[in-house]
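Right, one structure below, let's go through it.
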Amino acid sequence: MKGTSTTKTPVLTIDITSDPICGFSYVAYRRVEQALNQLVQQHGPVKAIIRFHPYILDPGLPETGLVSRATRLKAVLGDRYAPFWESVVQAGSSCGIHFQRDTPIGQTIDAQRLLLYALKTLGPAAQFRLLGSLLRQHFDEARDITQHPLLAKLACSPIPCSDGVTRSLFPDEPTALEWLKSGALRYEVISSAKAAREHGIKASPMLVLNGKYAICGARDESIYYQAFERAVTGEP
């Protein structure tokens, strides 16, 4: 009796450490999506497991209240502000993102709590889609992703999961608001972000592929594609 040969679908794990308030994190999100699509076109089905991990980009931002992005960046970067912002704008334009200079910003600990909860309850695919929703709300719609009402609305919106079923994190907005007010997973977010800095992560985003290959910052789609290809084929 002849045996049958089966080809296993290659697995690509992408662990992303980032803060949703970071413009380069949105650029990376778009380019990762594009590179994954290209990878599938060139190599066939790939099981991509993408997990978000917390990071606090600017510990000096207030936990309550907002500040202008431009004002804060000028305070932190000084003379480096203008060239830095130009690099952000150019990177965004290359993938259809139009960054706004004066968007109000604040700490995103509550948004990151929601992302951790999505990972724990619905899995990485749903978490990645929620991350995309948060990034679009903040950067495309200029919405304040520190506010509980907006977070509760996103938490109750349908999210496609890896099994093809659409689910929401909470049955209704009052339940979501109660969870947000409870402070659940706050310690985990702060501890994870602190551990990231202690392990040498000084910028957002940081990607680690299959636990082996690290990519810091928002890179060109071609660089992501080449790195993804190496990770799934095992080529050096």
Side-chain angles (χ1 to χ4, degrees), residues 6-55 87-99 111-112 114-116 118-119 122-141 143 145 154 157-169 203-236:
T6 58
T7 302
K8 291 184 177 180
T9 301
V11 176
L12 173 63
T13 62
I14 307 175
D15 288 287
I16 303 176
T17 300
S18 74
D19 188 330
I21 209 171
C22 173
F24 281 125
S25 290
Y26 194 13
V27 172
Y29 184 96
R30 288 278 186 91
R31 291 178 177 171
V32 163
E33 285 187 315
Q34 295 165 354
L36 284 173
N37 289 335
Q38 184 182 357
L39 187 69
V40 171
Q41 291 173 3
Q42 296 295 323
H43 292 277
V46 174
K47 183 179 180 181
I49 302 172
I50 309 174
R51 296 177 295 236
F52 164 87
H53 301 279
Y55 189 73
S87 69
V88 174
V89 170
Q90 289 183 358
S93 296
S94 71
C95 49
I97 303 170
H98 303 288
F99 288 114
Q112 297 192 54
L114 205 59
L115 287 166
L116 276 193
L119 179 63
L122 299 183
Q127 186 201 41
F128 187 64
R129 290 184 173 92
L130 178 59
L131 174 60
S133 296
L134 285 165
L135 292 168
R136 285 188 292 273
Q137 287 289 319
H138 182 57
F139 291 106
D140 295 339
E141 305 296 332
R143 302 290 299 277
I145 58 171
L154 292 176
S157 300
I159 304 174
C161 300
S162 58
D163 59 3
V165 177
T166 298
R167 302 181 178 89
S168 59
L169 284 172
S204 172
M206 171 68 78
L207 281 67
V208 177
L209 313 180
N210 288 352
K212 298 178 181 179
Y213 312 101
I215 307 174
C216 182
R219 302 298 181 177
D220 289 341
E221 177 190 337
S222 61
I223 292 177
Y224 285 140
Y225 171 76
Q226 292 167 12
F228 296 171
E229 188 177 49
R230 286 196 299 271
V232 299
T233 62
E235 296 178 359

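Both backbone and side-chain heavy atoms feed into the values below; hydrogens, waters and symmetry mates do not.
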> Gln34: what forms a side-chain contact (heavy atoms from CB on, under 4.5 Å) with it, not counting sequence neighbours?
Replying inline: Arg31, Cys95, Glu221

> Under a 4.5 Å cut-off applied to non-hydrogen side-chain atoms, are Leu169 and Leu130 in contact?
Replying inline: yes

> Which residue, Val46, Val232, Ile49, forms the side chain to side chain contact (heavy atoms under 4.5 Å, CB included) with Val11?
Replying inline: Ile49

> Any donor and acceptor pair, going by atom type alone, linking the side chain of Asn210 with main-chain N or O of Lys212 inside 3.5 Å?
Replying inline: no

>> So which atom in Pro158 and which in Thr166 form the shortest heavy-atom distance, rounded to 0.1 Å?
In response: CB-CG2, 3.1 Å

>> With a 4.5 Å cut-off on side-chain heavy atoms, are Gln42 and Tyr225 touching?
In response: yes

> From Thr233 OG1 over to Phe228 CZ, what is the distance, rounded to the nearest 0.5 angstrom?
Replying inline: 13.0 Å

> Side chains of Leu115 and Pro20: does their closest heavy-atom pair fall under 4.5 Å?
Replying inline: yes

>> Quick check for you: to the nearest 0.5 Å, what is the distance between Arg51 atom CZ and Thr17 atom OG1?
In response: 10.5 Å

> Is there side-chain contact between Leu36 and Tyr224, with at least one heavy-atom pair below 4.5 Å?
Replying inline: no

>> Working to the nearest 0.5 angstrom, can you tell me the gap between Tyr213 OH and Gln226 CD?
In response: 13.5 Å

> Taking atom NE2 of His138 and atom SG of Cys22, what is their separation to the nearest 0.5 Å?
Replying inline: 9.5 Å

> Say you draw a straight line from CG of Leu114 to CG of Leu134; how long is it, rounded to the nearest 0.5 Å?
Replying inline: 7.0 Å

> Considering residues at least two apart in sequence or located in another chain, which fulfil the side-chain contact (heavy atoms from CB on, under 4.5 Å) criterion with Ile16?
Replying inline: Ile14, Ser18, Ile50, Phe128, Pro205, Leu207

> Given Leu12 and Leu39, is the side chain to side chain contact (heavy atoms under 4.5 Å, CB included) satisfied, shown in steps?
Replying inline: CA-CA 11 Å; Leu12 173 63; Leu39 187 69; 4.2 Å; yes

> Is there side-chain contact between Pro124 and Leu119, with at least one heavy-atom pair below 4.5 Å?
Replying inline: yes

> Hey, does Ser93 have a side-chain heavy atom less than 4.5 Å from the side chain of Gln90?
Replying inline: no

> How far does CG of Leu209 sit from OG1 of Thr13, to the nearest 0.5 angstrom?
Replying inline: 7.5 Å

> Closest approach of Cys161 and Ala125, non-hydrogen atoms and distance?
Replying inline: C-CB, 4.4 Å

> Looking at Ala28 and Ala218, what are the two nearest heavy atoms and their distance?
Replying inline: N-CB, 4.0 Å

> Under the 3.5 angstrom rule, does the side chain of Arg129 hit a backbone N or O of Pro160 as a donor-acceptor pair?
Replying inline: yes

> Is a side-chain N or O of Gln137 found less than 3.5 angstrom from the main chain of Ile145, in a donor-acceptor match?
Replying inline: no

> Quick one: does Asp19's side chain get under 4.5 Å of Gln112's, heavy atoms only?
Replying inline: yes

>> Classify the ring geometry of Phe139 against Tyr26: parallel below 30°, tilted from 30° to 60°, perpendicular beyond 60°.
In response: parallel

